[in-house]
Amino acid sequence: RSDADRTTVQPAACKAPLTALDFSPISLDEGEATRVDVGADTFTGTGTVEVARLTGSGRQEVERHLQTVNALLADCREMTMTVQDGDASVDYRLAVSEAPLSEGTPAQSALVWERSLASADGPQLTAQVLTAVTADAVVMVSFVGQPEAGRKEFTLIAEEMLAAALAAG
């Protein structure tokens, strides 16, 4: 069974956009793409910069991704998710919010999501994902790990990484 078949989401209308959130510029069938992973001794997690040239249908995939993020932010800020694994199941709480962007940021999309066990206090996993699109490229910067990944300091780092990748264009 696929992950989608083993997973239920409430509200049910949030399952489709949550599933569609699984997007990566390097998965575009555009030819030119690169990914760089970054880390630090002071952060338990991973940072990633992905850049892809847009020459064809990839632009439509990027637009769908931006619409998915907007749909989650508009209608699915709080969700529960149950994942079946054989006879056992695990219940999670999911929360999505907009990352605190700076004025003049290159990002057109900024999402922070937090996942925690339904029985636990506080997030177990946090991700912040910023996306920028130009006439011929898409850049995505993400941090995934400790709850700190959702903080403003990581937004500032992601915005700088976006700007640098776009300038290198």
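Scope of the values below: all heavy atoms of this structure, side chains included, with no hydrogens, waters or symmetry mates. Sequence positions, counted from 1, serve as the residue numbers for this chain.
Looking at R93 and T80, their side chains never bring a donor and an acceptor atom within 3.5 Å of each other. Side-chain contact check for S24 and E50: at least one donor-acceptor pair (N or O, by modelled atom type) lies under 3.5 Å.
With sequence neighbours left out, R64 forms a salt bridge (charged side-chain N to carboxylate O under 4.0 Å, His left out) with no residue at all. Judged as a side chain to side chain contact (heavy atoms under 4.5 Å, CB included), and not counting sequence neighbours, the contacts of T34 are V51. For the side chain to side chain contact (heavy atoms under 4.5 Å, CB included) test, residues two or more places apart in sequence or in another chain that qualify with T134 are D136, A137, L166. Listed by chain and residue number, nothing satisfies the salt bridge (charged side-chain N to carboxylate O under 4.0 Å, His left out) test with D41 (two or more places apart in sequence, or in another chain).
D22 CG: 12 or fewer foreign heavy atoms inside a 6.0 Å radius. Other residues, nucleotides and ligands contribute over 12 non-hydrogen atoms within 6.0 Å of the CG atom of D37.
A ring pair (Phe, Tyr, Trp, His ring centres under 6.0 Å) check over residues 50-86, counting only residues at least two apart or in different chains, returns the pairs F23-H65. Every pair tested for disulfide (SG to SG under 2.5 Å) that includes a residue from residues 87-138 fails, sequence neighbours excluded, so the list is empty. Sequence neighbours left out, not one pair with a member in residues 105-141 passes ring pair (Phe, Tyr, Trp, His ring centres under 6.0 Å). For residues 83-110, there are no ring pair (Phe, Tyr, Trp, His ring centres under 6.0 Å) pairs, not counting sequence neighbours. Identified under the disulfide (SG to SG under 2.5 Å) test for residues 70-105, with sequence neighbours left out: C14-C76. Here disulfide (SG to SG under 2.5 Å) pairs that include residues 79-112, with residues two or more places apart or in two chains, number zero. Every pair tested for disulfide (SG to SG under 2.5 Å) that includes a residue from residues 91-139 fails, sequence neighbours excluded, so the list is empty.
Side-chain atoms of V49 and R35, non-hydrogen and from C-beta on, never get closer than 4.5 Å to each other. Between T126 and E148, every side-chain heavy-atom pair lies at or beyond the 4.5 Å cut-off. Between T131 and L66, some side-chain heavy-atom pair lies under the 4.5 Å cut-off. A heavy-atom distance below 4.5 Å is found between the side chains of L28 and V138. Looking at heavy atoms from C-beta onward, V83 lies in side-chain contact with M81 at the 4.5 angstrom threshold. Under the 4.5 Å side-chain criterion, counting only non-hydrogen atoms from C-beta, L111 is not in contact with E98.
Linking ILVMFWY residues whenever their side-chain heavy atoms come closer than 4.5 Å, directly or via other members, leaves V112 and V141 in distinct clusters.
Put simply, CD on Q84 and OG1 on T7 are 9.0 Å apart, with the number rounded to the nearest 0.5 Å. Remark: Q67 CD to Q60 CD distance equals 10.5 Å, nearest 0.5 Å. Here L73 contributes atom CG and S97 contributes atom OG; the two are 7.5 Å apart, rounded to the nearest 0.5 Å. Atom CG of L54 sits about 5.0 Å away from atom CZ of R59, to the nearest 0.5 Å.
Between P106 and A132, the shortest heavy-atom contact is O-CB, 3.3 Å. Nearest heavy-atom pair across S89 and T82 is CB-CG2, 3.9 Å. For the residue pair A149 and F43, the shortest heavy atom distance occurs at CB-CZ, 3.9 Å.
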Worked verdict on L130 versus L101 for side chain to side chain contact (heavy atoms under 4.5 Å, CB included): CA-CA 9 Å; L130 274 56; L101 295 175; 3.8 Å; yes

Side chain to side chain contact (heavy atoms under 4.5 Å, CB included) evaluation trace for V144 with L125: CA-CA 7 Å; V144 179; L125 183 67; 3.7 Å; yes

Pair V90-L117, side chain to side chain contact (heavy atoms under 4.5 Å, CB included): steps then yes or no: CA-CA 8 Å; V90 181; L117 286 170; 3.5 Å; yes

L18 and M79: CA distance, side-chain angles, deciding distance, side chain to side chain contact (heavy atoms under 4.5 Å, CB included) verdict: CA-CA 10 Å; L18 186 62; M79 296 169 275; 4.3 Å; yes

In residues 154-163, what donor-acceptor pairs under 3.5 Å come from side-chain atoms, sequence neighbours left out?
unit_1: T155; atom_1: OG1; unit_2: Q128; atom_2: OE1; d: 2.4
unit_1: T155; atom_1: OG1; unit_2: Q128; atom_2: NE2; d: 3.3
unit_1: T155; atom_1: OG1; unit_2: R151; atom_2: O; d: 3.4
unit_1: E159; atom_1: OE1; unit_2: S102; atom_2: OG; d: 2.7
unit_1: E159; atom_1: OE2; unit_2: S102; atom_2: N; d: 2.8
unit_1: E159; atom_1: OE2; unit_2: T105; atom_2: OG1; d: 2.8

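Looking at E114, its side chain never comes within 3.5 Å of a backbone N or O of A127 through a donor-acceptor pair. Judged by distance alone, with hydrogens and angles left aside, the side-chain atoms of K15 form no donor-acceptor pair with the main-chain N or O of Q10 at under 3.5 Å.
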